[in-house]
There are 2 protein chains.
Amino acid sequence: MRVLGIDPSVRSTGYGVIESHGSVVRLIEAGIITTSARGQTFTTRLGDINDSLQAIIKATRPDLVAIEEVFAREVNPKTTIMMAHARGALLAAVAGAHLDVVEFSATSVKRALAGSGAASKEQVARMVVQILRLARTPRPADVTDALALAIACAHRNGRRVR
Amino acid sequence: MRVLGIDPSVRSTGYGVIESHGSVVRLIEAGIITTSARGQTFTTRLGDINDSLQAIIKATRPDLVAIEEVFAREVNPKTTIMMAHARGALLAAVAGAHLDVVEFSATSVKRALAGSGAASKEQVARMVVQILRLARTPRPADVTDALALAIACAHRNGRRVR
């Protein structure tokens, strides 16, 4: 099964596609979708995010999408609102590809990868590197976060009784 | 000039297309894009919102889009976050049609239509009916809000020195 993990943001959306066969998980493709406020309107940035994800889905053909839950009680409401716009543009692209979406809390991703919901970003990154047998930690952190989501989703689905 | 006003919401997005020639403004088309949590996932709802606006733009061919500003300090953060998702899906459709977007505060729409930023919803609705020479107030209120945005935008552009 191929899972696309998405870490949404207007400025830099991380994405990571992995393939799982039983307990074996391998990296297919990962990267970021970046947009800039320089020379782009907010609207064209959202359009680019939508277009880019459509292209990524077409190229990598995932079976399922994993994305982080949004919480209303964020530290910065403005950042949350920006992120929700990006999420709306991204999920519209996912809908166009008829893919199911699984939402995960940050805590459940940490628990799935590092065994504890209180694990540090570094511990999660280390597990991403180990599970995908990477030479180094993917950069920027948005990519690692997206891959962690995809891995958590693949594990959870592996466990799900059908 | 044709202006498309949009009042975004996941459940019921109001839209209204008007055409202005100098001070004369007429209604082209207005309505709502509705989605339901029954039998639809949040993702497919956002996909439908995006698709529907694409179809509306294609059918009505506006020159400009007017949308209300979002404020981080809303009464209900959860509602604001839902609305921001709808806005993201809608603006991605607007970007695909290469249309410019003008944002208005609720206050500036009221001022443009009823002469005061403190005008009531009813006063604004009455002005929408009068300006567009409608037989009655459009229902639901989302449609009136979208038309008010479009009228405010047409007025402002009419006044704008080029």
Side-chain angles (χ1 to χ4, degrees), chain A residues 4 6 8-11 13 33 35 39-55 57 62 64-104 153, chain B residues 4 6 8-11 13 33 35 39-55 57 62 64-104 153:
Chain A
L4 163 62
I6 307 173
S9 139
V10 174
R11 197 186 51 76
T13 289
I33 302 167
T35 73
Q40 275 197 295
T41 64
F42 187 54
T43 302
T44 58
R45 293 174 79 181
L46 293 170
D48 281 4
I49 288 169
N50 179 278
D51 285 349
S52 298
L53 194 68
Q54 284 188 42
I57 289 171
L64 194 59
V65 172
I67 198 163
E68 200 172 307
E69 280 173 11
V70 198
F71 285 104
R73 298 164 300 125
E74 288 285 339
V75 181
N76 186 337
K78 208 190 153 193
T79 307
T80 309
I81 288 168
M82 287 283 281
M83 190 266 281
H85 278 85
R87 223 167 169 271
L90 290 161
L91 289 177
V94 169
H98 309 288
L99 295 173
D100 283 339
V101 176
V102 187
E103 288 191 312
F104 291 86
C153 184
Chain B
L4 163 62
I6 307 172
S9 138
V10 174
R11 197 187 49 79
T13 290
I33 302 166
T35 72
Q40 276 198 296
T41 65
F42 186 55
T43 301
T44 59
R45 294 174 79 181
L46 294 169
D48 281 4
I49 289 169
N50 178 278
D51 285 348
S52 298
L53 193 69
Q54 283 189 43
I57 291 172
L64 195 58
V65 173
I67 197 164
E68 200 172 305
E69 281 174 9
V70 198
F71 285 103
R73 297 164 301 123
E74 289 286 341
V75 181
N76 185 337
K78 207 191 154 190
T79 306
T80 310
I81 288 169
M82 286 283 281
M83 189 265 282
H85 277 85
R87 222 167 170 269
L90 290 160
L91 290 176
V94 169
H98 308 288
L99 296 172
D100 282 340
V101 177
V102 187
E103 289 190 313
F104 292 86
C153 184

Cut-off 3.5 Å, no hydrogens considered: what does the side-chain donor-acceptor table look like for residues 88-95 of chain A, sequence neighbours left out?
none

Open item on the list: Would you say that B:Asn50 contacts A:Asn50 through its side chain, given a criterion of any heavy-atom pair below 4.5 Å between the two side chains?
Closed with: yes

Open item on the list: Is A:Thr41 close to chain B through its backbone or its side chain, or both, or neither, when contacts mean heavy atoms under 4.5 Å?
Closed with: neither

Open item on the list: For residues 93-103 of chain B, which residue pairs pass the side-chain hydrogen bond (donor to acceptor under 3.5 Å, both in side chains) check, not counting sequence neighbours?
Closed with: B:Arg87-B:Glu103

Open item on the list: Using a 4.5 angstrom heavy-atom cutoff, name the option from B:Val101, B:Ile67, B:Leu46 with the most pairs to chain A.
Closed with: B:Leu46

